[in-house]
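If you scroll down you'll find the structure; I have some questions about it.
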Amino acid sequence: MRVVDLRSDTVTLPTEEMLDAIKTTELGDDVYREDPTVNRLEELAAKKMGKEAALLTTSGTQANLVSVMSQTERGDEVILEAHAHMYSHEVGAFSAIGGLVPRLIAGCMGIFAPQDIEAVLRRPNIHFPPTKLVCIENTHNYAGGTVWSPSQIRTLCEFAKTHRLNVHMDGARIFNAAVAQNIDVHELTRYVDTLMFCLSKGLSAPVGSLVVGSRELVDRARRYRKMLGGGMRQAGIIAGPGIIAIEKMADRLKDDHQNAKLLAGGLSKIEGISLDPDQVQTNIVIYDISGLGITSGEWTTRLLDFDVKAGAQEAGRVRMVTHRGIEKEDIEYTLEVAEKVAKQVREKGSSKATD
Ligand SMILES: Cc1ncc(COP(=O)(O)O)c(C=O)c1O
């Protein structure tokens with residue numbers, strides 16, 4: 001029986017073409033900037049995103065960290081959305097390593113506006129940490145893959161500029177955001193100072209993320225990457241699949257979005273599960289199973305008995321993410337399983353009560 005793994009789009013395996021690229025790609029020492037494939041990937045990424053330069057990093061976490069460090073000094077303050085991945089899921093790196101102070105804004109489905117920044121802006125005062133940077137996340141993971149539109153980004157960045165604040169976008173899934181809005185990714189990147197995006201999520205490459213921005217900022221990020229031990233040698237074996245990811249894998253993300261819609265629509269009809277399928281914009285489906293009277297951990301354990309994997313979060317939240325390894329039939333099977341498990345729970349109660 002095949003396992004339906006909906007925990008994350010990071011579980012996607014490389015395509016045959018990517019595996020071939022690993023074997024055949026031209027290599028060199030990237031710390032000397034002599035790996036032709038890495039150089040090609042970085043040029044491609046910069047061009048694709050409409051920026052001067054790009055830097056390959058080992059992960060999204062590292063890319064976010066070096067982006068932020070390249071625009072701040074220790075003791076500076078950074079404005080982030082309250083559920084930003086950078087704040088809650090990156091081991092506190094920007095504080096622990098970057099020495100930065102977070103200032104959180106509660107967004108609406110992960111999105112916030114200039115007024116929200118205005119409300120937390122500090123006037124110059126010797127007691128305050130200087131605010132230097134605003135971070136946005138597109139798509140927003142915790143909010144359920146929600147997208148920032150070009151006009152929302154533009155308004156925010158223009159406001160930030162008037163207050164001498166830079167803007168960094170955590171665009172781990174930026175191509176999902178572009179595909180969902182049927183626009184060129186350029187539209188989403190043109191106003192931000194730096195952007196990081198991942199090759200190893202829905203785009204299916206095995207490893208790697210990129211930072212893009214001005215040459216000056218990317219040069220600084222390159223120094224920080226080296227400091228963090230992220231200087232790689234024959235990194236062309238990562239960059240080869242990365243080029244294929246950027247050139248060939250973005251268009252198919254619409255299939256993942258369609259599957260996510262199908263999944264959300266089906267789940268919303270199950271008694272005890274709550275979610276609004278209209279809020280699902282990309283490939284992440286978050287729903288609440290509190291109505292079944294069990295924990296999200298119990299729910300995902302029960303799904304696992306039927307070879308369906310999902311992510312248990314706090315307070316009854318469950319996350320399912322569609323990706324290249326998930327077909328329409330997998331969604332149909334998952335819905336059958338969810339229906340069956342929910343029925344069992346409604347009839348017998350939680351395992352704690354019955355076992
Ligand atoms: C929005 C967002 N940013 C950053 C990251 C970090 O990426 P990585 O797991 O490659 O460190 C993730 C990972 O899931 C993410 O969802």
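All ligand and atom numbering here is 1-based and tracks the order in the structure. Just so you know, these numbers come straight off a predicted model, no measurement behind them.
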**Q.** Arg324 and Ser204: side chain donor to acceptor below 3.5 Å
**A.** yes
Q: Report the relative orientation of the aromatic rings in His83 and Tyr142; use parallel for angles under 30°, tilted for 30 to 60°, perpendicular for over 60°.
A: parallel
Would you tabulate the polar-atom pairs, meaning N/O of ligand 1 against N/O of the protein, with distances under 3.5 Å, reported to 0.1 Å?
| residue | atom | partner | partner atom | Å |
| --- | --- | --- | --- | --- |
| ligand 1 | 3 (N) | Asp170 | OD1 | 3.0 |
| ligand 1 | 3 (N) | Asp170 | OD2 | 2.7 |
| ligand 1 | 7 (O) | Lys201 | NZ | 3.0 |
| ligand 1 | 10 (O) | Gly60 | N | 2.8 |
| ligand 1 | 10 (O) | Lys201 | NZ | 3.4 |
| ligand 1 | 11 (O) | Gly60 | N | 3.3 |
| ligand 1 | 11 (O) | Thr61 | N | 2.8 |
| ligand 1 | 11 (O) | Thr61 | OG1 | 2.6 |
| ligand 1 | 16 (O) | Asn141 | ND2 | 2.9 |
| ligand 1 | 16 (O) | Arg173 | NH1 | 2.9 |

Q.
To check you understand the geometry: which heavy-atom pair defines the closest contact between Gly110 and Trp148, and what is its length?
A. O-NE1, 3.7 Å
Q | Minimum side-chain heavy-atom gap Ile286-Leu275 below 4.5 Å | A | no
**Q.** Flag, side chain of Thr37 to backbone of Gly236, donor-acceptor distance under 3.5 Å
**A.** no
(Q) Whether the Gln71 and Asp193 side chains hold a donor-acceptor pair (N or O, under 3.5 Å, no angle test) is what I'd like checked. (A) no
